[in-house]
J.: 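Take a look at the following structure, please.
Atom set for the values below is all heavy atoms of this structure, side chains included, hydrogens, waters and symmetry mates excluded.
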Amino acid sequence: MRDRDTQQKFLVETCDVRGHIVQLDDTWREAVARVEYPPQVRKVLGEAFVAATLLASTIKFDGKLTLQVRGEGAVHLLVIQVTNEGSLRGLARWNEVPEEPSLQAMFGPEARMIITVEANRQSEAYQGIVPLEGDTLAEALQGYFRTSEQLQTRLYLAVTENTAAGVLVQKLPGEQSLSDDGDGWNRATALCDTLSDEELCTESSQTLLHRLFHEEQVRVFEPAPVRFHCSCSRERTDGMLAGLGKAEVTSILEEQGKVEISCEFCDSVYNYDKVDVAALFKGVPTAVVSAVADEEDGDITRH
């Protein structure tokens with residue numbers, strides 16, 4: 001029986017290859033429980049959940065990694081956020097059901113993939129923007145690593161009704177090489193090419209690694225848990241309204257009878273009536289309002 005909702009790091013020493021396995025179970029089901037996604041949109045969203053987790057596992061950061069795809073096709077937005085603690089949330093937005101499963105058909109020919117790393121502490125943020133190239137999300141991300149990171153990388157992504165899973169393998173940079181086997185990368189990727197979607201979604205990481213690399217020297221690290229978690233809260237919506245200012249919030253209240261804020265990631269709804277608004281702005285210092293207004297939060301939508 002395999003572990004559920006985990007990410008597993010490994011190193012194939014004889015091939016000079018590092019890798020990660022991600023398997024999302026409850027995380028994946030909870031992520032899509034509130035929205036009836038069309039099958040093709042659901043599939044690419046599941047792939048993105050896994051891909052973002054794999055991307056996050058390849059770097060050290062204290063904060064949040066965001067994978068976005070934006071375009072003008074049938075699907076116009078896909079966004080996944082992963083924290084350094086393994087919390088995930090994400091969504092997709094579409095105007096119509098895609099007729100074809102290719103990325104170009106879903107997102108349009110001018111679509112872009114955006115990868116952002118936001119640090120909690122005093123570190124510079126990183127953002128990479130590349131054209132969305134390839135027929136699949138795996139191909140697009142392989143292109144990103146090739147052009148932006150100069151790393152040979154392969155991804156294998158699979159999605160079923162109950163599980164989203166994947167494997168990422170990368171060739172170690174020359175200075176980190178552990179062996180002199182010039183064929184190691186080709187051998188490792190040829191072995192990974194034999195993986196089926198069913199194996200990725202049902203077999204344990206230990207079973208997968210044994211089947212693929214039982215003739216190689218493999219170092220396996222301690223697995224880490226992942227989970228669906230949305231960071232929205234009443235406190236954050238309080239801050240958003242404080243940032244808007246009393247005059248604008250009062251105007252919304254007078255026009256609609258209440259202020260309603262919904263989280264696009266988890267569909268939680270936060271309602272404010274006259275009493276709530278009065279309490280919110282009673283004694284709020286101007287400096288606090290200004291500070292909150294400067295803080296971007298793209299996960300809340302005002303109706």
Side-chain angles (χ1 to χ4, degrees), residues 5-7 20-35 37-38 40-59 61 63-71 73 75-94 98 103 106-107 111-120 125-130 132 134 136-145 148 153 155-160 163-168 200 224-232 263-268 296-301:
D5 297 288
T6 59
Q7 49 185 329
H20 303 265
I21 299 172
V22 167
Q23 294 172 314
L24 308 177
D25 302 291
D26 296 339
T27 301
W28 169 232
R29 289 193 294 274
E30 190 169 354
V32 295
R34 302 165 184 85
V35 181
Y37 287 103
Q40 292 177 4
V41 179
R42 181 186 173 97
K43 182 176 186 296
V44 74
L45 179 63
E47 291 176 345
F49 261 93
V50 175
T53 311
L54 288 169
L55 281 171
S57 68
T58 66
I59 60 175
F61 67 103
K64 176 175 63 181
L65 180 146
T66 303
L67 168 65
Q68 294 185 67
V69 179
R70 293 182 176 271
V75 183
H76 59 87
L77 173 67
L78 185 152
V79 56
I80 309 294
Q81 294 180 342
V82 187
T83 71
N84 61 292
E85 296 176 341
S87 296
L88 294 94
R89 63 179 186 172
L91 57 86
R93 292 288 180 261
W94 68 99
L103 288 188
M106 282 195 281
F107 292 96
R112 293 290 183 268
M113 181 168 60
I114 306 159
I115 297 171
T116 307
V117 178
E118 303 170 65
N120 288 332
Y126 163 84
Q127 185 174 79
I129 305 175
V130 296
L132 190 68
T136 67
L137 187 60
E139 290 178 1
L141 284 162
Q142 286 165 186
Y144 163 78
F145 275 106
S148 299
T153 305
L155 285 94
Y156 304 84
L157 307 172
V159 180
T160 65
T163 302
V167 174
L168 177 149
L200 275 173
V226 291
R227 66 188 179 110
F228 178 85
H229 174 71
C230 190
S231 59
C232 74
C263 176
E264 291 191 320
F265 288 94
C266 70
D267 292 329
S268 294
E296 294 186 1
D297 189 345
D299 62 351
I300 304 296
T301 300

J.: Let me confirm one number: the SG-CD distance from Cys230 to Gln81, rounded to the nearest 0.5 Å.
T.: 8.5 Å

J.: Taking all heavy atoms of Ala164 and all of Gly46, pick out the closest pair and write down the distance.
T.: CB-O, 3.8 Å

J.: If you compare all heavy atoms of Asn84 against all heavy atoms of Phe61, which two are closest, and at what distance to 0.1 Å?
T.: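 Residues Asn84 and Phe61, closest heavy atoms: CB-O, 3.0 Å.
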
J.: Is there a side-chain contact between Val79 and Leu91 in this structure, where contact means two heavy atoms from C-beta onward sitting under 4.5 Å apart?
T.: yes

J.: Using a cut-off of 6.0 Å, state whether more than 12 heavy atoms not belonging to Gln127 lie near its atom CD.
T.: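 More than 12 heavy atoms, drawn from other residues, nucleotides or ligands, come within 6.0 Å of this atom.
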
J.: Looking at Val44, Leu103, Val41, which hits side-chain contact (heavy atoms from CB on, under 4.5 Å) with Pro98?
T.: Val41

J.: Measure the shortest side-chain to side-chain distance between Ile115 and Leu55 over non-hydrogen atoms and say whether it is less than 4.5 angstrom.
T.: yes

J.: Taking all non-hydrogen atoms of both residues, which atom of Ala51 and which atom of Leu137 are closest, and how far apart?
T.: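 Minimum heavy-atom contact is CB-CD2, 4.3 Å.
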
J.: Go through the steps for His20 and Ser57 under the test side chain to side chain donor-acceptor pair (under 3.5 Å), then give the verdict.
T.: CA-CA 7 Å; His20 303 265; Ser57 68; 3.2 Å; yes

J.: Rounded to the nearest 0.5 Å, how far apart are CD1 of Ile114 and CG of Leu67?
T.: 9.5 Å

J.: Does Leu65 form a side-chain contact (heavy atoms from CB on, under 4.5 Å) with Thr116? I'd like the steps, not just the answer.
T.: CA-CA 6 Å; Leu65 180 146; Thr116 307; over 6 Å; no

J.: Considering only heavy atoms from C-beta outward, does the side chain of Phe145 approach that of Leu168 to under 4.5 Å?
T.: yes

J.: Counting only N and O atoms by type, is there a donor-acceptor contact under 3.5 Å from the side chain of Asp5 to the main-chain atoms of Pro225?
T.: no

J.: Do Ile80 and Thr66 have side chains that get closer than 4.5 Å, going by heavy atoms?
T.: no

J.: Could you tell me whether the side chain of Thr163 and the main chain of Thr160 form a donor-acceptor pair under 3.5 Å?
T.: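 Side chain of Thr163 to backbone of Thr160, a donor-acceptor pair under 3.5 Å: no, none is there.
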
J.: Using every non-hydrogen atom in the two residues, find where Ala140 and Leu132 come nearest and quote the distance to one decimal.
T.: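 For Ala140 versus Leu132, the nearest heavy atoms are CB-CD1, 3.8 Å.
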
J.: Would Arg112 and Arg70 count as a side-chain contact (heavy atoms from CB on, under 4.5 Å) if you check the C-alpha gap in whole Å, the side-chain angles of each, and the deciding distance to 0.1 Å?
T.: CA-CA 6 Å; Arg112 293 290 183 268; Arg70 293 182 176 271; 5.6 Å; no

J.: Passes side-chain contact (heavy atoms from CB on, under 4.5 Å), Gln23 versus Ile21? Steps please.
T.: CA-CA 7 Å; Gln23 294 172 314; Ile21 299 172; 4.2 Å; yes

J.: Roughly how far apart are Thr27 OG1 and His229 NE2, rounded to 0.5 Å?
T.: 12.0 Å

J.: Is it true that Thr153 and Gln142 share a donor-acceptor pair across their side chains at a distance under 3.5 Å?
T.: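 On atom types as modelled, these side chains do not qualify, holding no pair under 3.5 Å.
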
J.: Show your reasoning for whether side-chain contact (heavy atoms from CB on, under 4.5 Å) applies to Leu77 and Gln68.
T.: CA-CA 7 Å; Leu77 173 67; Gln68 294 185 67; 4.3 Å; yes

J.: Any non-hydrogen side-chain atom of Thr6 less than 4.5 Å from a side-chain atom of Val226?
T.: no

J.: How about Leu88 and Trp28: do any of their side-chain heavy atoms sit closer than 4.5 Å?
T.: no

J.: Where is the tightest heavy-atom contact between Arg93 and Val75, given as atom of each residue plus distance?
T.: O-CG1, 3.4 Å

J.: Restricting to non-hydrogen atoms, name the atom on Phe49 and the atom on Arg89 that form the minimum distance, rounded to 0.1 Å.
T.: CZ-C, 3.8 Å

J.: Taking the six-membered ring for Trp and the full ring for Phe, Tyr or His, determine whether the centres of Tyr37 and Trp94 are under 6.0 Å apart.
T.: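 Yes: the rings meet the under 6.0 Å criterion.
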
